[in-house]
*Asks:* 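Got a structure for you, questions after.
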Amino acid sequence: MLPIDAAAHSSRWRRRHPLDKAVLGLGLTVLAVSLPPWPGAALVLVTALTALLGPAGVPARRLWRAYRVPLGFCVTGAVTLLVQVGGPEGFVSPAAGGPARAGELLLRTSAASLGVLLFAFTTPMSDLLPRLVRVGVPAPVVDVALVTYRMSFLLLDAVRRIREAQAARLGHTTRAAAWRSLAGLGATAFVRAFDRAAKLQAGLAGRGYDGTLRVLVPEARVSPRFVAVSVAVLAALSVLTFALERPLS
């Protein structure tokens, strides 16, 4: 199981309906993109971080391990705004207003990423995917997503076991050995993936698969109070953003 999925299963909001958490998490993401980056995105970032570390109970170390990957993409995208290619100043030169635009982009993307992580860290995929059928997503699409989700864990576990076996046989001692081990890892994982898929198909056929995967979904009800508080927080962030954006008189 991936760390973020394990954190979602142990979250304090695990038993809440996915719609409750979508209103808050995805609402924060929408505000981060639509509000002015300063102070809007900064307020969204602080709010999402507070919700993750506070009420949601996500460990800070686990959050950082998941957040540093999208944050790296955010930083990479922002850095490109610092320079311009071509022009009278040379082939590559500092862009006019580049630091301001880079800072705004970094604020927007990092805050939006935290909003998505708030939803991901509190909502297991096994709770979300089966409920998508009720909102109009075709059942075959959900079934493919469920199978892919399950197969990804099996494939990652197989890759881990193969790497451990290669390391135990000194398969990573030299660069040449590491490349041979990597090639063997790819070939073995490819074969095992097809083998797993064939076994899964045979198992479904033996259980009378009729085109729909029926799974048990944990009982959960939408909390009007939680939704109302989330909407109030989103509205307060919007009002506070436009209030602080006004010049001081």
*Asks:* Hydrophobic clusters here meaning ILVMFWY residues chained together by side-chain heavy-atom distances under 4.5 Å, can you tell me if L118 and V233 are in one?
*Replies:*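 Yes, L118 connects to V233 through the hydrophobic network.
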
*Asks:* As an exercise, state the distance from CG of L117 to CG of L28, rounded to the nearest 0.5 Å.
*Replies:*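 Result: 12.0 Å between the selected atoms.
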
*Asks:* Give a yes or no on whether the backbone of G54 and the side-chain of R12 come within a donor-acceptor separation of less than 3.5 Å.
*Replies:*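 It does hold such a pair.
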
*Asks:* To the nearest 0.5 Å, what is the distance between CZ on R65 and CZ on R62?
*Replies:*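 The distance works out to 8.0 Å.
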
*Asks:* Mind checking what makes ring-ring contact (aromatic ring centres under 6.0 Å, His included) contact with F226, not counting sequence neighbours?
*Replies:*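 F226: ring-ring contact (aromatic ring centres under 6.0 Å, His included) contacts with W13.
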
*Asks:* Testing the basics here: between P70 and A66, what is the closest heavy-atom pair and its distance to 0.1 Å?
*Replies:*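 P70 and A66 have their closest heavy atoms at CD-O, 3.0 Å.
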
*Asks:* Evaluate whether atom CZ of R101 has more than 12 neighbouring non-hydrogen atoms of other residues, nucleotides or ligands under 6.0 angstrom away.
*Replies:*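 Count over threshold, so yes.
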
*Asks:* Report the residues that fulfil ring-ring contact (aromatic ring centres under 6.0 Å, His included) with F73, sequence neighbours left out, ordered by chain and then residue number.
*Replies:*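 Scan of F73 (ring-ring contact (aromatic ring centres under 6.0 Å, His included), adjacent residues dropped) gives none.
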
*Asks:* Are any non-hydrogen side-chain atoms of R16 and T122 less than 4.5 angstrom apart?
*Replies:*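 Of all side-chain heavy-atom pairs linking T122 with R16, none is under 4.5 Å.
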
*Asks:* Can you give me the closest heavy-atom contact between P18 and F119, atom names plus distance?
*Replies:*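 So the minimum-distance heavy-atom pair works out to O-CE1, 3.5 Å.
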
*Asks:* Which pair of non-hydrogen atoms, one from L82 and one from A102, has the smallest distance, and what is that distance?
*Replies:*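 Shortest heavy-atom contact: CD2-CB, 3.8 Å.
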
*Asks:* Are any side-chain N or O atoms of T188 and backbone N or O atoms of L185, one a donor and one an acceptor, separated by less than 3.5 Å?
*Replies:*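 Not confirmed, T188 side chain does not pair with L185 backbone.
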
*Asks:* Verify the cluster assignment for V222 and V229: are they in a single hydrophobic cluster under the rule of side-chain heavy atoms below 4.5 Å apart?
*Replies:*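 V222 does not cluster with V229.
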
*Asks:* Is a side-chain donor or acceptor of Y67 paired with a backbone partner of S113 at a separation under 3.5 angstrom?
*Replies:*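 Pair absent, no side-chain N/O of Y67 close to backbone of S113.
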
*Asks:* May I ask you to check whether over 12 heavy atoms, not counting those of R160, lie within 6.0 Å of atom CZ?
*Replies:*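 Yes, the 6.0 Å shell around CZ holds more than 12 heavy atoms from other groups.
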
*Asks:* Could you report the tightest heavy-atom contact between S110 and C74, atom names first, then the distance?
*Replies:*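 Nearest heavy atoms, S110 then C74: N-SG, 3.8 Å.
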
*Asks:* How long is the span from the CG atom in L71 to the CG atom in L114, to the nearest 0.5 Å?
*Replies:*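 Those atoms lie 8.5 Å apart.
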
*Asks:* Tell me whether L234 shares a hydrophobic cluster with L35, the cluster being built from Ile, Leu, Val, Met, Phe, Trp, Tyr side chains joined at under 4.5 Å.
*Replies:*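 Result: yes, single cluster for both.
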
*Asks:* Return the NZ to CG distance between K21 and L24, rounded to the nearest 0.5 Å.
*Replies:*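 The distance works out to 11.0 Å.
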
*Asks:* Which heavy-atom pair separates S230 from V23 by the least distance, and what is that distance?
*Replies:*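 S230 and V23 have their closest heavy atoms at CB-CG1, 3.9 Å.
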
*Asks:* Output the distance between atom CG (L182) and atom NE2 (H172), rounded to the nearest 0.5 Å.
*Replies:*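 The distance works out to 8.0 Å.
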
*Asks:* Would you be so kind as to tabulate the donor-acceptor pairs closer than 3.5 Å made by side chains of residues 40-47, with sequence neighbours excluded?
*Replies:*
residue	atom	partner	partner atom	Å
T47	OG1	L43	O	2.8

*Asks:* Out of curiosity, does L31 fall in the hydrophobic cluster containing V239 (side-chain heavy atoms, cut-off under 4.5 Å, transitive links)?
*Replies:*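 No, because V239 and L31 fall into different hydrophobic clusters, even though each may have its own neighbours under 4.5 Å.
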
*Asks:* Grab the two heavy atoms, one from S11 and one from A56, that are nearest each other, plus how far apart they are.
*Replies:*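 Distance-wise, the nearest heavy atoms are OG-O, 3.4 Å.
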
*Asks:* Are V227 and L26 connected, step by step, through hydrophobic side chains (Ile, Leu, Val, Met, Phe, Trp, Tyr) whose heavy atoms are closer than 4.5 Å?
*Replies:*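 They do not share one cluster, since no chain of ILVMFWY contacts under 4.5 Å joins V227 to L26.
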
*Asks:* May I ask you to test the H17-S223 pair for a side-chain heavy-atom distance under 4.5 Å?
*Replies:*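 No; the side chains remain at least 4.5 Å from each other.
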
*Asks:* Got a second to check how far R108's CZ is from E104's CD, nearest 0.5 Å?
*Replies:*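 Answer for the CZ-CD pair, R108 versus E104, is 7.0 Å.
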
